Amino acid sequence: DVQLQASGGGLVQAGGSLRLSCVASGFAFEDYTIGWFRQAPGKERETVSCISSANGKTYDAASVKGRFTISRDNAKNTVYLQMNSLKPEDTAVYYCAAAYTTSYYYTPFYPYEYPSWGQGTEVTVSS
């Protein structure tokens, strides 16, 4: 049974930092691409970052490139999202999700490509 537990959200001032964690259990973590997604009130869920299990590459949305860094520790079954230089527009509920990946050449990026989701953690950035 795939389980994903996101944590680390909170209230931070603009320009500040937070680190989110996603702890996984119940599946072969090293075989799954893990993504971070967010959903702001009244908006659709969008991709933030993802990290491939097959080739280790990372992919970031343009809105967070250069500010957010995704990483994974397979020994701890954990993926992190380091968020720096936070902006009010980063305010959202952040979710982690997992997708089984075998291809070296393609990494799932969009929310619909991820079948397994954790509960969200709320991030609020004040101006």
Side-chain angles (χ1 to χ4, degrees):
D1 186 26
V2 174
Q3 293 193 5
L4 299 161
Q5 182 76 34
S7 63
L11 173 64
V12 64
Q13 288 189 329
S17 298
L18 282 174
R19 188 176 81 156
L20 306 184
S21 299
C22 175
V23 179
S25 62
F27 62 100
F29 181 76
E30 63 275 11
D31 292 334
Y32 284 70
T33 292
I34 305 295
W36 282 101
F37 305 85
R38 65 187 182 187
Q39 188 165 18
K43 295 189 176 181
E44 291 189 357
R45 191 168 297 187
E46 63 177 3
T47 304
V48 176
S49 299
C50 57
I51 184 164
S52 172
S53 55
N55 58 26
K57 291 184 178 181
T58 62
Y59 302 86
D60 303 310
S63 59
V64 306
K65 200 176 293 286
R67 299 188 298 122
F68 291 11
T69 302
I70 189 171
S71 62
R72 66 190 294 159
D73 184 340
N74 286 348
K76 295 182 178 180
N77 282 12
T78 302
V79 170
Y80 303 98
L81 184 68
Q82 178 66 44
M83 306 187 297
N84 298 329
S85 302
L86 282 160
K87 304 175 181 180
E89 51 264 44
D90 294 318
T91 294
V93 178
Y94 283 71
Y95 301 88
C96 59
Y100 180 68
T101 303
T102 58
S103 173
Y104 185 87
Y105 300 102
Y106 181 75
T107 298
F109 185 78
Y110 298 101
Y112 72 86
E113 298 181 284
Y114 287 75
S116 302
W117 291 78
Q119 93 299 345
T121 185
E122 191 166 1
V123 173
T124 303
V125 185
S126 62
S127 57

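Sequence positions, counted from 1, serve as the residue numbers for this chain. Since we're looking at a predicted model, the values are computed, not measured.
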| said: Please tell me whether V23 and L81 are part of a single hydrophobic cluster in this structure, the criterion being side-chain heavy atoms less than 4.5 Å apart. | reply: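 Different clusters: V23 never reaches L81 through Ile, Leu, Val, Met, Phe, Trp or Tyr contacts under 4.5 Å.
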query = Can you get from F29 to Y32 by hopping between Ile, Leu, Val, Met, Phe, Trp and Tyr side chains that sit under 4.5 Å apart?
reply =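 Same cluster.
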Spacing of [atom1] belonging to [X] relative to [atom2] belonging to [Y], to within rounding of 0.5 Å:
X   : Y    : atom1 : atom2 : answer
I70 : W36  : CD1   : CH2   : 8.0 Å
K87 : S127 : NZ    : OG    : 14.0 Å
S21 : Q82  : OG    : CD    : 9.5 Å
T33 : I51  : OG1   : CD1   : 9.0 Å

ask   = So is R45 actually on top of F37's ring, under 6.0 Å and inside 45° of the axis?
value =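 No, a cation-pi geometry is absent between R45 and F37.
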Is any side-chain heavy atom of [X] closer than 4.5 Å to a side-chain heavy atom of [Y]?
X   : Y   : answer
S49 : T58 : no
V64 : R38 : yes
I34 : R72 : yes

Quick check: are there more than 12 heavy atoms from other residues, nucleotides or ligands sitting under 6.0 Å from OH of Y106?
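It does: Y106 OH has more than 12 such atoms within range.
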Open item on the list: Given 3.5 Å as the limit, does a donor-acceptor pair link the side chain of T91 with the main chain of V125, or not?
Closed with: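 Present.
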Is a side-chain donor or acceptor of T101 paired with a backbone partner of A99 at a separation under 3.5 angstrom?
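Yes; at least one donor-acceptor contact below 3.5 Å.
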Of the non-hydrogen atoms in [X] and [Y], which two are nearest, and what is the gap between them?
X    : Y    : result
G9   : V123 : CA-CG2, 4.0 Å
S103 : A54  : O-CB, 3.2 Å
F109 : E113 : N-OE1, 2.8 Å
G8   : T121 : N-OG1, 3.9 Å

Applying side-chain contact (heavy atoms from CB on, under 4.5 Å), run through M83 and D90 and close with a yes or a no.
CA-CA 9 Å; M83 306 187 297; D90 294 318; over 6 Å; no
**Item:** Residues which pass disulfide bond (SG atoms under 2.5 Å apart) with C50, listed by chain and number, not counting sequence neighbours
**Value:**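 Residues passing disulfide bond (SG atoms under 2.5 Å apart) with C50: none at all.
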**OP:** Could you check whether the rings of Y94 and F68 sit parallel, tilted or perpendicular, using 30° and 60° as the cut-offs?
**Re:**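 The arrangement is tilted - the two ring planes meet at 30° to 60°.
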In terms of relative ring orientation, are W117 and Y114 parallel, tilted or perpendicular, with 30° and 60° separating the classes?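 If you compare the ring of W117 with that of Y114, the planes turn out perpendicular.
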Checking Q5 against S25 for the side-chain contact (heavy atoms from CB on, under 4.5 Å) test, could you report, in this order, the C-alpha distance in whole Å, the side-chain angles of both residues, the deciding distance, and whether it holds? CA-CA 9 Å; Q5 182 76 34; S25 62; over 6 Å; no
TODO: Tell me, with the steps shown, if S53 and E30 meet side-chain contact (heavy atoms from CB on, under 4.5 Å).
DONE: CA-CA 6 Å; S53 55; E30 63 275 11; over 6 Å; no
- [ ] Give me the other members of the hydrophobic cluster that Y104 sits in, counting Ile, Leu, Val, Met, Phe, Trp and Tyr linked by side-chain heavy atoms under 4.5 Å, directly or via other members.
- [x]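 Members alongside Y104: Y105.
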Practice prompt. Assess whether side-chain contact (heavy atoms from CB on, under 4.5 Å) is satisfied between L4 and Y95, documenting all intermediate values.
Written response: CA-CA 9 Å; L4 299 161; Y95 301 88; over 6 Å; no
Worksheet item: Under the salt bridge (Lys or Arg N to Asp or Glu O under 4.0 Å) criterion, do D60 and R67 qualify, and how do the steps go?
Response: CA-CA 10 Å; D60 303 310; R67 299 188 298 122; over 6 Å; no
